[in-house]
K.L.:
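If you scroll down you'll find the structure; I have some questions about it.
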Amino acid sequence: MEDKTDTTANGDLATEAFVTHRNLLFTVAYEMLGSAADAEDVLQETWLKWVGVDLATVRDQRAYLVRIATRQALDRLRALGRRKESYVGPWLPEPLLTVPDVADDVELADSVSMAMLLVLETLQPTERAVFVLREVFDLAYDEIAQAVDKTPAAVRQIAHRARAHVAARRPGDLVSPAETRAALQAFQNAVETGDLQNLLDVLAPDVVLLADGGGLKRAVQRPVVGAGKVARLLSAGLAQPGLAKFGTERSVEPAQINGCPALIVRIDGEIDGVVAMRVEEGLITGLYFVRNPEKLSRVEQETALSR
C-alpha cells in the first residue's frame, strides 16, 4: 500500500515546483501559441500530467515541466492552425499588458512582440517549438529533442532552418524602448489631431496595418499597405475599425503591451482595442490593431513573463 505521507510530500513538492516555474511555462506556451487563453489551458494540462509524475525519477524539474508544456502546446498549436483557417479577417496574437521588467529583458520583449509573434506564425509547429526553446529559452538540443520527439541531430537541422526562416522575415535591429515611445507619441499626436502630413512623417513608405476584429467587431478585412493609404485611413478617424477621432467619449493611453510601448483605445471608459507597432529606424513599419473582445481580457491586469 502506498504511504500517504509520501504521496502528500510528493504533491507538495510538485506544487512548489509548478508555482516556481509557472511564469516560465506560461511564456513558453504563449510564444508557441500567441494566445493567452490557450496558454492557460496548456498550463492546466501540464499541471494534471505533472502531479502524476514520481518526482524521485526527475533529475531536472524545470526541463521536465518545459517538456510537458511543449508537448501540450504542440498539440494545441496544430488544432489552432485549423481554427485560424476559418478566422474572419486577419488573425493577430492576443495582447498582454506586461509587467515593467519584461521590457528590461530586451531579448524577451522582442520575442513576445506582436511583430515577432507574427513571424513565428509562419513556422511549422515543430519549427516554432524548436526555435522558441532554443533561441529564447536557450535549452540544450538534447532537452529540446525530448520535448518534440526528435533526435538531437534532427533538432539541430530544424533549428538551423527555423533561424534562417525567421531571420529573413523578422524586424531589423532591435529598437530601444525610448525610440519606440517617441514614434508612438508622434503617432498618437498625429491620429488625435487628424493631421495627414504628421502621420505621413511617422509612417514608413511600406507600412502595413492589420486589424483583428474576429468577426465580432468592425475592422478592415485585409492588410492596408503603404503610408498614403494608412495615413488617410487614420486621419479620417478610422471610423470603420474604431480608432475614430478621439473626442470626449474616446480616449487613448500609452501602455506596455507584450513588452513594448503601445496604445490602449477606450470608448466610454471601456477598452475598445489595442494598437501595437513595429518601429524601424524611427519610422513605423507595422501597425497591429486588436479589437476582438475575446482577445482583450489580458489588457486589464499585468501579466508576468520569464525565461
K.L.:
Tell me, yes or no, whether the heavy-atom count around Lys49 atom NZ, taken from other residues, nucleotides or ligands under 6.0 Å, exceeds 12.
P.N.:
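It does not: Lys49 NZ has 12 such atoms or fewer within range.
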K.L.:
Give, for atom CD1 of Ile284 and atom CG of Asp201, the distance between the pair rounded to the nearest 0.5 Å.
P.N.:
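Separation between the atoms: 11.5 Å.
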K.L.:
Kindly indicate whether the side chain of Val166, heavy atoms from C-beta on, has any atom under 4.5 Å from the side chain of Leu123.
P.N.:
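Yes. Closest side-chain heavy atoms under 4.5 Å.
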K.L.:
Go through Arg156 and Asp142 one step at a time and tell me if the salt bridge (Lys or Arg N to Asp or Glu O under 4.0 Å) criterion holds.
P.N.:
CA-CA 9 Å; Arg156 286 179 181 273; Asp142 58 342; over 6 Å; no
K.L.:
Would you say Val252 and Gln188 make side-chain contact, with heavy atoms under 4.5 Å?
P.N.:
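They are in side-chain contact.
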K.L.:
Between Phe18 and Trp50, is a ring-ring contact (aromatic ring centres under 6.0 Å, His included) present by the stated rule, with each step listed?
P.N.:
CA-CA 8 Å; Phe18 187 83; Trp50 175 242; 8.0 Å; no
K.L.:
Can you measure from CZ (Arg163) to CZ (Phe131) and round to the nearest 0.5 angstrom?
P.N.:
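Separation between the atoms: 8.5 Å.
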K.L.:
Below 4.0 angstrom, N of the basic side chain to O of the carboxylate: do Glu45 and Arg71 qualify?
P.N.:
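So Glu45 does not pair with Arg71 through a salt bridge.
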K.L.:
List for me each residue that meets ring-ring contact (aromatic ring centres under 6.0 Å, His included) alongside Tyr141, sequence neighbours excluded, and say none if there are none.
P.N.:
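With sequence neighbours excluded, Tyr141 shows a ring-ring contact (aromatic ring centres under 6.0 Å, His included) to no residue whatsoever.
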K.L.:
Side chain to side chain contact (heavy atoms under 4.5 Å, CB included) for Val220 and Leu233? Distances and angles first, verdict last.
P.N.:
CA-CA 10 Å; Val220 288; Leu233 186 61; 4.1 Å; yes
K.L.:
Do any N or O atoms from the side chain of Asp195 and from the backbone of Asn198 form a donor-acceptor pair under 3.5 angstrom?
P.N.:
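Answer holds: yes.
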K.L.:
Can you give me the closest heavy-atom contact between Leu118 and Trp91, atom names plus distance?
P.N.:
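Heavy atoms of Leu118 and Trp91 come nearest at CD2-O, 3.9 Å.
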K.L.:
Does CD in Glu253 sit with more than 12 non-hydrogen atoms of other residues, nucleotides or ligands closer than 6.0 Å?
P.N.:
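Atom CD in Glu253 is crowded, with more than 12 foreign heavy atoms closer than 6.0 Å.
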K.L.:
Mind checking whether Glu16 and Val19 have side chains closer than 4.5 Å, heavy atoms only?
P.N.:
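SC-SC contact between Glu16 and Val19 ruled out.
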K.L.:
Give me the atom names and distance for the closest heavy-atom approach of Leu74 to Ala129.
P.N.:
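What the structure gives for the nearest pair is CD2-CB, 4.0 Å.
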K.L.:
Please answer: with hydrophobic residues joined when any side-chain heavy atoms are less than 4.5 Å apart, are Val279 and Val274 in the same cluster?
P.N.:
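Each belongs to a different hydrophobic cluster.
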K.L.:
Following the transitive rule for hydrophobic clusters with a side-chain heavy-atom cut-off under 4.5 Å over Ile, Leu, Val, Met, Phe, Trp and Tyr, establish whether Leu65 and Leu133 coincide in one cluster.
P.N.:
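Yes, one cluster joins them.
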K.L.:
Quick one: does Glu31's side chain get under 4.5 Å of Ser111's, heavy atoms only?
P.N.:
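Counting from C-beta outward, Glu31 and Ser111 do come under 4.5 Å.
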K.L.:
Return yes if some donor-acceptor pair links the side-chain N/O of Asp268 with the main-chain N/O of Glu270 below 3.5 Å, else return no.
P.N.:
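No, because the side chain of Asp268 does not come within donor-acceptor range (under 3.5 Å) of the backbone of Glu270.
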K.L.:
Could you go through Tyr87 and Asp212, starting from their C-alpha distance and side-chain angles, then the distance that decides it, and tell me whether this counts as side-chain hydrogen bond (donor to acceptor under 3.5 Å, both in side chains)?
P.N.:
CA-CA 10 Å; Tyr87 196 80; Asp212 178 348; 2.6 Å; yes
K.L.:
Please determine if Glu121 and Arg128 form a salt bridge, counting it only when a charged side-chain N lies under 4.0 Å from a carboxylate O.
P.N.:
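Yes.
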K.L.:
Kindly indicate, with the supporting measurements, whether the criterion side chain to side chain contact (heavy atoms under 4.5 Å, CB included) is fulfilled by Leu184 and Leu263.
P.N.:
CA-CA 8 Å; Leu184 184 77; Leu263 297 174; 3.5 Å; yes
K.L.:
Output yes when a side-chain donor or acceptor of Glu94 lies under 3.5 Å from a complementary backbone atom of Ala36, and no otherwise.
P.N.:
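Pair found, side chain donor or acceptor close to backbone of Ala36.
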K.L.:
Does Gln256 use its side chain to pair, donor to acceptor, with the backbone of Val99 at less than 3.5 Å?
P.N.:
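Yes; at least one donor-acceptor contact below 3.5 Å.
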K.L.:
Looking at every non-hydrogen atom in both residues, tell me the closest pair between Met114 and Pro93 and how far apart they are.
P.N.:
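Answer, listing the atom of Met114 first, then Pro93: CE-O, 3.4 Å.
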K.L.:
Given the rule in the side-chain hydrogen bond (donor to acceptor under 3.5 Å, both in side chains) test, do Glu302 and Thr98 qualify, once you have shown the distances and angles that lead to the verdict?
P.N.:
CA-CA 5 Å; Glu302 292 180 335; Thr98 43; over 6 Å; no
K.L.:
Could you walk me through whether Glu135 and Val132 satisfy the side chain to side chain contact (heavy atoms under 4.5 Å, CB included) test, starting with their C-alpha distance in whole Å, then the side-chain angles of each, then the deciding distance to 0.1 Å, before giving a yes or no?
P.N.:
CA-CA 6 Å; Glu135 300 301 313; Val132 167; over 6 Å; no
K.L.:
With a 4.5 Å cut-off on side-chain heavy atoms, are Leu210 and Leu287 touching?
P.N.:
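No. Closest side-chain heavy atoms not under 4.5 Å.
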K.L.:
Please check if Val275 and Leu296 belong to a single hydrophobic cluster, counting links between Ile, Leu, Val, Met, Phe, Trp and Tyr side chain heavy atoms closer than 4.5 Å.
P.N.:
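Result: no, two separate clusters.
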K.L.:
Taking the side chain as C-beta and beyond, is there a heavy-atom pair between Asp110 and Arg170 under 4.5 Å?
P.N.:
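A side-chain contact exists here, since the closest heavy-atom pair is under 4.5 Å.
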K.L.:
On a heavy-atom basis, which atom in Gly259 and which in Ala103 lie closest, and how many Å separate them?
P.N.:
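Residues Gly259 and Ala103, closest heavy atoms: O-CB, 3.7 Å.
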K.L.:
Check whether the side chains of Glu280 and Thr285 place a donor and an acceptor atom closer than 3.5 Å, and report yes or no.
P.N.:
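There is such a pair between these side chains.
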K.L.:
Please answer whether the main-chain N or O of Gln124 pairs with a side-chain N or O of Glu127 as donor and acceptor at a distance below 3.5 Å.
P.N.:
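Side chain of Glu127 to backbone of Gln124: a pair is present.
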K.L.:
Which distance, rounded to the nearest 0.5 Å, do you find between the CG of Leu97 and the CD of Gln301?
P.N.:
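These two atoms lie 9.0 Å from each other.
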K.L.:
Dump the intermediate steps for side-chain hydrogen bond (donor to acceptor under 3.5 Å, both in side chains) on Gln185 and Asn189, then the final yes or no.
P.N.:
CA-CA 6 Å; Gln185 183 63 59; Asn189 292 340; 2.9 Å; yes
K.L.:
Using the rule side-chain contact (heavy atoms from CB on, under 4.5 Å), only one of Thr70, Leu117, Leu80, Leu120 pairs with Met32; which is it?
P.N.:
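Testing Met32 for a side-chain contact (heavy atoms from CB on, under 4.5 Å) against Thr70, Leu117, Leu80, Leu120 leaves exactly one candidate, Thr70.
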K.L.:
Between Tyr288 and Asn258, is a side-chain hydrogen bond (donor to acceptor under 3.5 Å, both in side chains) present by the stated rule, with each step listed?
P.N.:
CA-CA 12 Å; Tyr288 314 108; Asn258 289 51; over 6 Å; no
K.L.:
Can you tell me how far the OG1 atom of Thr27 sits from the CG atom of Leu305, to the nearest 0.5 Å?
P.N.:
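Going from the OG1 atom of Thr27 to the CG atom of Leu305 covers 4.0 Å.
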K.L.:
Begin from the C-alpha positions of Ile264 and Val299 and carry the test side chain to side chain contact (heavy atoms under 4.5 Å, CB included) through to its verdict.
P.N.:
CA-CA 8 Å; Ile264 295 177; Val299 181; 3.4 Å; yes
K.L.:
If we only count heavy atoms from C-beta on, is the Ile144 to Phe137 side-chain gap below 4.5 Å?
P.N.:
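No, too far: nothing below the 4.5 Å cut-off.
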K.L.:
Starting at CG of Asp38, measure out to CG of Leu43 and round the result to the nearest 0.5 Å.
P.N.:
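Rounded to the nearest 0.5 Å, the CG-CG separation comes to 11.0 Å.
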K.L.:
Distance from Met277 atom CE to Leu283 atom CG, nearest 0.5 Å?
P.N.:
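One finds 11.5 Å between CE of Met277 and CG of Leu283.
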K.L.:
Picking from Arg218, Lys217, Arg266, what satisfies salt bridge (charged side-chain N to carboxylate O under 4.0 Å, His left out) with Asp272?
P.N.:
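For Asp272, the salt bridge (charged side-chain N to carboxylate O under 4.0 Å, His left out) test succeeds with only one of Arg218, Lys217, Arg266, which is Lys217.
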K.L.:
Sub-3.5 Å donor-acceptor pair from the side chain of Arg134 to the main-chain atoms of Leu139, do we have one?
P.N.:
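Checked: pair present.
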K.L.:
Do we get Arg67 above Tyr64's six-membered ring, with its NZ or CZ under 6.0 Å from the centre and within 45° of the axis?
P.N.:
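Yes, Arg67 sits over the ring of Tyr64.
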K.L.:
Assigning hydrophobic clusters by single linkage (Ile, Leu, Val, Met, Phe, Trp, Tyr; side-chain heavy-atom cutoff under 4.5 Å), is Ile271 placed with Val265?
P.N.:
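No.
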K.L.:
Is it true that Glu40 and Arg22 have a side-chain N and a carboxylate O under 4.0 angstrom from each other?
P.N.:
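Salt bridge between Glu40 and Arg22, a charged N being under 4.0 Å from a carboxylate O: yes.
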K.L.:
Restricting to non-hydrogen atoms, name the atom on Ala219 and the atom on Ala211 that form the minimum distance, rounded to 0.1 Å.
P.N.:
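So the minimum-distance heavy-atom pair works out to CB-CB, 3.8 Å.
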K.L.:
Kindly say whether Val42 contributes a backbone atom to a donor-acceptor pair with the side chain of Arg76 at under 3.5 angstrom?
P.N.:
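The answer is no, because no donor-acceptor pair under 3.5 Å joins these two groups.
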K.L.:
If I compare all heavy atoms of Ala29 with all of Ala73, which pair ends up nearest, and what's the gap?
P.N.:
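Looking at all heavy atoms of both residues, the shortest contact is CA-CB, 4.5 Å.
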K.L.:
Do the side chains of Val53 and Val58 get nearer than 4.5 Å, heavy atoms only?
P.N.:
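The answer is yes, as the side chains (C-beta and beyond) meet within the 4.5 Å cut-off.
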